[in-house]
Peer 1: 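Submitted below is the structure of interest, expressed as structure tokens.
Letters go in sequence order (proteins before strands), and every chain restarts at 1.
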There are 2 protein chains.
Amino acid sequence: MLNQSARLDLAFQALADPTRRGMLARLSQGPASVSELARPLPISLPAVLQHLQALEASGLVSSEKKGRIRTCRIVPEALGLAETWISEQRALWAARLDRFDEHVMRLKQEGKDNG
Amino acid sequence: MLNQSARLDLAFQALADPTRRGMLARLSQGPASVSELARPLPISLPAVLQHLQALEASGLVSSEKKGRIRTCRIVPEALGLAETWISEQRALWAARLDRFDEHVMRLKQEGKDNG
DNA sequence: GCGATACTTAACCCTGTGCTTAACCAATCC
DNA sequence: GGATTGGTTAAGCACAGGGTTAAGTATCGC
């Protein structure tokens, strides 16, 4: 079992590559086989496999093999983890900014009082 | 000037490390000096510097030096880019899921018609 | 000025990532 | 059943990432 932080590592790392984001974008329009994913890409099939493994390790994508073709699909919940982390950080930051605004206003007020 | 994809690369890559996420979390509560960022971390100061450089390269953090201390702060807009990309993907996926639901319903309907 | 403080740079090490080619296995197709 | 298609594994290579120590530079406080 992976802890939260390790899962975020894998998710963000998976997202940090344009090839993998491209594969993800393709998959967000529907399932695809490995060769379908590879077709638009300028790299070899084994390279695509490795990217796919990174995506699966991160939980962003799942796949299953039937006959000789492997079908890949997006796992939507996984993106939620990353999105949640980001929006939490933004919330924290926003809360601090609010306090800072108050602080600035107080400073301005003092400026008026003294000038 | 960096294009969108390169900026996403840097942003997600910066987020893909627990040390950097920790620094970011610290900074979301307010500006800090380099040594303040380093204090809770089990690594050397140069290592912290390098993480800081990664964060600055991604645009997530900015810093300025005054006297001998460098003060680092979050750049809130930068997180928006990453968040936007994720939510766009989710929107695409959701749209496809809707179409899939329709499809399933149509299939069910046909099942009823034939059975 | 002198020592302590706060970074910064440089040089290096080890591991991980992204890619390749070559060879291999397993389902289809004719 | 032999060729083709779809995927997989293995081996190897180049380079980037994350860490170290050691040595430098620029304030600050006395």
Peer 1: Atom CG of L41(A) to atom C1' of dG18(C): distance rounded to whole Å?
Peer 2: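 Result: 13 Å.
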Peer 1: As an exercise, state the distance from NE2 of H51(A) to CD of Q53(A), rounded to the nearest 0.5 Å.
Peer 2: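 That separation rounds to 11.0 Å.
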Peer 1: Send over the distance from L49(B) CG to dT20(D) C1', rounded to a whole Å.
Peer 2: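 In whole Å, dT20(D) C1' lies 14 Å from L49(B) CG.
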Peer 1: If we ignore hydrogens and angles and just use 3.5 Å, is the side chain of R21(A) paired with the main-chain N or O of L15(A) as donor and acceptor?
Peer 2: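 Between the backbone of L15(A) and the side chain of R21(A) there is a qualifying donor-acceptor contact (under 3.5 Å).
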Peer 1: With side-chain hydrogen bond (donor to acceptor under 3.5 Å, both in side chains) as the test, would you mind laying out the steps for R20(B) and S58(B) before giving the verdict?
Peer 2: CA-CA 11 Å; R20(B) 288 193 290 266; S58(B) 75; over 6 Å; no
Peer 1: What integer distance in Å separates I43(B):CD1 from dT20(D):P?
Peer 2: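 The distance from CD1 of I43(B) to P of dT20(D) comes to 6 Å, rounded to the nearest Å.
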Peer 1: Counting heavy atoms from C-beta on, name the nucleotide in dT20(C), dA22(D), dG19(D) closest to the side chain of P46(B).
Peer 2: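 The answer is dA22(D).
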Peer 1: As an exercise, state the distance from CG of L41(A) to CD of E36(A), rounded to the nearest 0.5 Å.
Peer 2: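 Spacing of CG (L41(A)) from CD (E36(A)) equals 12.5 Å.
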Peer 1: Both atom distances under 3.5 Å, Watson-Crick or G-U wobble: I'd like the secondary structure of DNA chain C as a dot-bracket string, with | for pairs made across strands.
Peer 2: ||||||||||||||||||||||||||||||
Peer 1: Please output the side-chain donor-acceptor pairs of residues 76-87 of chain B that fall under 3.5 Å, not counting sequence neighbours, one pair per line with the distance.
Peer 2:
unit_1	atom_1	unit_2	atom_2	d
E83(B)	OE1	R90(A)	NE	2.8
E83(B)	OE1	R90(A)	NH2	2.8
T84(B)	OG1	G80(B)	O	2.7
S87(B)	OG	E83(B)	O	3.2
S87(B)	OG	T84(B)	O	3.2

Peer 1: Output the distance between atom CG (D9(A)) and atom CZ (R7(A)), rounded to the nearest 0.5 Å.
Peer 2: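 The CG atom of D9(A) sits 11.5 Å away from the CZ atom of R7(A).
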Peer 1: Just verifying a value: how many Å separate T19(A) OG1 and L52(A) CG, rounded to the nearest 0.5 Å?
Peer 2: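 Answer for the OG1-CG pair, T19(A) versus L52(A), is 12.5 Å.
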Peer 1: Select base, sugar-phosphate, or nothing to describe what Q13(A) touches, counting heavy atoms under 4.0 Å on all strands.
Peer 2: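 Q13(A): backbone/sugar contact only, no base atoms under 4.0 Å.
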Peer 1: Rounded to whole angstrom units, what separation is found between the CG atom of L10(B) and the P atom of dA16(D)?
Peer 2: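 After rounding, the reported distance stands at 14 Å.
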Peer 1: Whether S44(A) contacts dT20(C) is assessed here as follows: a side-chain N or O lying under 4.0 Å from the phosphate OP1 or OP2. Is that the case?
Peer 2: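 True: S44(A) side-chain N/O within range (under 4.0 Å) of dT20(C) OP1/OP2.
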Peer 1: Is the phosphate of dT9(D) approached by Q50(A) (side-chain N or O, under 4.0 Å from OP1 or OP2)?
Peer 2: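 Looking at the OP1 and OP2 atoms of dT9(D), neither is under 4.0 Å from any side-chain N or O of Q50(A).
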Peer 1: Measure the distance from CD on E64(A) to C1' on dA27(C) and round it to the nearest whole Å.
Peer 2: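 Atom-to-atom, E64(A) to dA27(C), this comes out as 17 Å.
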Peer 1: Using heavy-atom distances to pick each residue's nearest nucleotide on DNA chain C, tell me which of K66(A) and R20(A) is more 5'.
Peer 2: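 Nearer the 5' end of the strand: R20(A).
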Peer 1: Please tabulate the protein-to-nucleotide N/O contacts below 3.5 Å involving nucleotides 4-6 of chain C, giving atom names and distances.
Peer 2:
unit_1	atom_1	unit_2	atom_2	d
dT5(C)	O4'	R68(B)	NH1	3.3
dT5(C)	O2	R68(B)	NH1	2.8
dA6(C)	O3'	R68(B)	O	3.2

Peer 1: Any base atoms under 4.0 Å from Q53(B), or only sugar-phosphate, or nothing? Heavy atoms, all strands.
Peer 2: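 Nothing, no nucleic acid heavy atom in range.
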Peer 1: How many whole angstroms separate atom CZ of F12(A) from atom P of dG17(D)?
Peer 2: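 Whole-Å distance recorded here is 18 Å.
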Peer 1: Within less than 4.0 Å of OP1 or OP2 of dG17(D), is there a side-chain N or O belonging to H51(B)?
Peer 2: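 Result: no.
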Peer 1: So, taking the atom named CZ in R39(B) and the one named OG in S33(B), what distance separates them when rounded to the nearest 0.5 Å?
Peer 2: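 The OG atom of S33(B) is 6.5 Å from CZ of R39(B), to the nearest 0.5 Å.
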Peer 1: With rounding to the nearest 0.5 angstrom, report the CD to CD1 distance, Q89(A) to I74(B).
Peer 2: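 If we round to the nearest 0.5 Å, Q89(A):CD and I74(B):CD1 are 6.5 Å apart.
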